[in-house]
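Below is one structure; the comments refer to it alone.
Letters A, B, ... are given to chains in the order of the sequence lines, protein chains preceding strands, and every chain is numbered from 1. Scope of the values below: all heavy atoms of this structure, side chains included, with no hydrogens, waters or symmetry mates.
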Amino acid sequence: MQYIAEKIIVWHKSSGRHDLPWQKTQDPYRIWISEIMLQQTQVSSVIPYFKKFIKEFPTVDKLASADEDLVMRHWSGLGYYRRAKFILQTAKIIVDSYQSKFPINVDELINLPGIGKSTAGAICAFAFGGIEPIMDANVKRVFCRFYGIREWSGKAKTQKYLWNLAHENLPSKDIKIYTQALMDLGATICKGRQPDCLNCPLQRKCESFKLNLCQVIPAKKPKKTIPTKQVNVLMVEVNNQILLKKRREASVWEGLWSLPEIQEFSYIEKWLQDLWGATPFNLVKQGQHLAIFSHYKLQINFNYIVLTERINKNTPRDFLWVNRAELSNAGIPTPVKRLLRDI
DNA sequence: CACACGTGGCC
DNA sequence: TGGCCAAGTGT
């Protein structure tokens with residue numbers, strides 16, 4: 001067996017993680033859900049979401065027939081909401097085209113929405129014992145350090161090289177242990193900052209350890225300055241209910257409920273008139289709220305308006321009145337939840 | 001290839 | 001405290 005596989009498989013027995021909720025099953029459905037949730041998301045954040053999600057949607061059939069809004073509610077706060085949309089799409093495909101059974105080949109898995117090369121490899125390995133590689137942030141870091149790769153791992157050329165290495169290092173057996181060990185090593189020993197090289201099973205042949213490059217490798221992603229965007233929103237309240245609007249745009253927070261946006265606050269009266277009829281209101285509070293994303297900052301300018309009565313009882317499509325007490329359970333993005341809480 | 005896509009934790 | 005980063009995918 002290859003050096004890396006041999007060493008980390010032994011290491012995993014004593015020092016790996018064995019009690020994560022999705023390790024207690026062979027069910028491809030649960031493994032799939034966990035892998036999607038874990039995309040760009042840390043284990044500690046995922047655990048409570050995973051448990052709650054599986055409880056609500058225990059099988060792919062239950063999920064496939066679920067209401068999208070309920071799925072979004074269970075994803076609310078986890079981020080990258082497109083994943084929730086993909087999960088529902090894929091569930092329907094599995095039920096309709098695969099008789100509710102997951103395909104066991106990487107090539108078929110990869111064609112499903114939200115499942116890329118790495119997630120396909122993980123599902124294949126963990127659920128079916130397929131000898132397939134993964135390439136997450138942990139694996140990238142371990143291989144970059146071990147082989148002394150100085151380029152940033154996001155570069156196309158570097159990625160290709162890393163995938164080749166991942167293939168070359170695959171063991172012919174114990175694929176589940178190997179795959180988990182690779183990630184556990186990256187998470188607990190070969191960490192981004194202050195790696196614990198003295199306890200690393202790969203130390204003897206690690207290029208970065210030999211040359212003292214662990215502070216330089218992995219190379220940092222080239223950084224860019226991020227813009228600040230502005231948006232004007234309305235917090236409309238009547239009878240202790242808050243008005244929400246479904247986001248349909250293929251952009252941030254798609255599929256979630258948020259506050260209605262308005263071009264100019266000077267249009268408020270007309271906006272209210274158009275949607276709700278002649279509506280007397282009090283402007284209670286104005287302010288700003290800053291939400292920071294990885295690629296931009298969003299300054300949310302809000303107007304808090306309380307209607308003294310609702311003339312028009314109809315609620316247009318994509319609008320929803322929610323009781324204040326139920327806001328925390330709704331499919332609302334975290335910064336908006338905070339804004340609502342703080343006002 | 002570069003970018004959009006969320007959030008929380010770390011120092 | 002602000003910048004960095006995490007079990008990536010789709011366009």
Record whether the side chain of A/Ser45 comes under 3.5 Å of the base of B/dG9 through a donor-acceptor pair of N or O atoms.
no

Pick base, sugar-phosphate or nothing for A/Gln159, based on heavy-atom distances below 4.0 Å to the nucleic acid.
nothing

hbond_proxy A/Arg83 side chain to C/dT9 base (donor-acceptor, 3.5 Å cutoff):
no

Under 4.0 Å between any heavy atoms, over every strand shown, what does A/Trp75 touch: base, sugar-phosphate, or nothing? Just pick one.
nothing

First of A/Gly186 and A/Leu112 reached from the 5' end of DNA chain C, by closest nucleotide:
A/Gly186

Closest to the 5' end of DNA chain B, once A/Gln194 and A/Pro335 are matched to their nearest nucleotides, is A/Pro335

Taking atom NZ of A/Lys210 as the centre, report whether more than 12 heavy atoms of other residues, nucleotides or ligands fall under 6.0 Å from it.
yes

In whole angstrom, give the distance that lies between atom CD1 of A/Ile87 and atom P of C/dG8.
15 Å

Among B/dT7, B/dC10, C/dT9, which is the nearest nucleotide to the side chain of A/Phe293?
B/dT7

Considering every strand and a 4.0 Å limit on heavy-atom distances, what is the contact class for A/Arg17: base, sugar-phosphate, or nothing?
base

A/Thr119 side chain, from C-beta outward: closest of B/dT7, C/dT9, B/dC10:
C/dT9

Please work out if A/Thr41 contacts a base, only the sugar-phosphate, or nothing of the nucleic acid, heavy-atom cut-off 4.0 Å.
base

Is there a side-chain contact between A/Ser118 and the phosphate of C/dG8, meaning an N or O under 4.0 Å from OP1 or OP2?
no

Kindly assign one of parallel, tilted or perpendicular to the pair A/Phe53 and A/His74, based on the angle between their ring planes and the thresholds 30° and 60°.
perpendicular

Would you please test A/Lys176 and A/Gln26 for side chain to side chain donor-acceptor pair (under 3.5 Å) and show each step?
CA-CA 11 Å; A/Lys176 296 179 195 179; A/Gln26 300 261 54; 2.7 Å; yes

Compare the minimum distances between each of B/dT7, C/dC5, B/dC1 and the side chain of A/Ala156, then state the nucleotide with the smallest one.
B/dC1

With sugar-phosphate meaning primed atoms plus P, OP1 and OP2, does A/Ile115 contact a base, only sugar-phosphate, or nothing at under 4.0 Å between heavy atoms?
sugar-phosphate

Answer yes when A/Asp318 and A/Arg248 have at least one side-chain N-carboxylate O distance shorter than 4.0 Å, and no when they do not.
yes

If you assign each of A/Ser76 and A/Gly154 to its closest nucleotide in DNA chain B, which residue comes earlier from the 5' end?
A/Gly154

N/O (side chain, A/Trp253) to phosphate O (OP1/OP2, B/dT7) under 4.0 Å:
yes

Taking the same atom, P, in B/dG6 and in C/dT1, what whole-Å distance lies between them?
27 Å

Would you classify A/Ser251 as touching base, sugar-phosphate or nothing, given that sugar-phosphate means primed atoms plus P, OP1 and OP2, and contacts are heavy atoms under 4.0 Å?
sugar-phosphate

Quantified in whole Å, what is the P atom distance between nucleotide C/dG2 and nucleotide B/dC5?
24 Å

Report yes or no: does A/Thr228 contribute a side-chain atom to a donor-acceptor pair with the main-chain N or O of A/Lys297 at less than 3.5 Å?
no

Measuring only the C1' atom in each nucleotide, how far is B/dC1 from C/dA6? A whole number of Å is fine.
22 Å

Pick base, sugar-phosphate or nothing for A/Gly114, based on heavy-atom distances below 4.0 Å to the nucleic acid.
sugar-phosphate

Hey, does A/Lys224 reach any base, or is it just sugar-phosphate, or nothing, if we go heavy atoms under 4.0 Å?
sugar-phosphate

B/dA4 phosphate, OP1 or OP2, under 4.0 Å from A/His295 side-chain N/O:
no

Quick one: is A/Gln42 getting a side-chain N or O under 4.0 Å of the C/dA6 phosphate, OP1 or OP2?
no

Checking A/Lys246, A/Arg82, A/Lys85 against A/Glu254 for side-chain hydrogen bond (donor to acceptor under 3.5 Å, both in side chains), the one that qualifies is A/Lys85

With nearest nucleotides of DNA chain C determined for A/Val43 and A/Lys223 from heavy-atom distances, which residue corresponds to the more 5′ nucleotide?
A/Lys223

Within the structure, does a side-chain N or O atom of A/Tyr80 lie under 4.0 Å from either OP1 or OP2 of C/dA6?
no

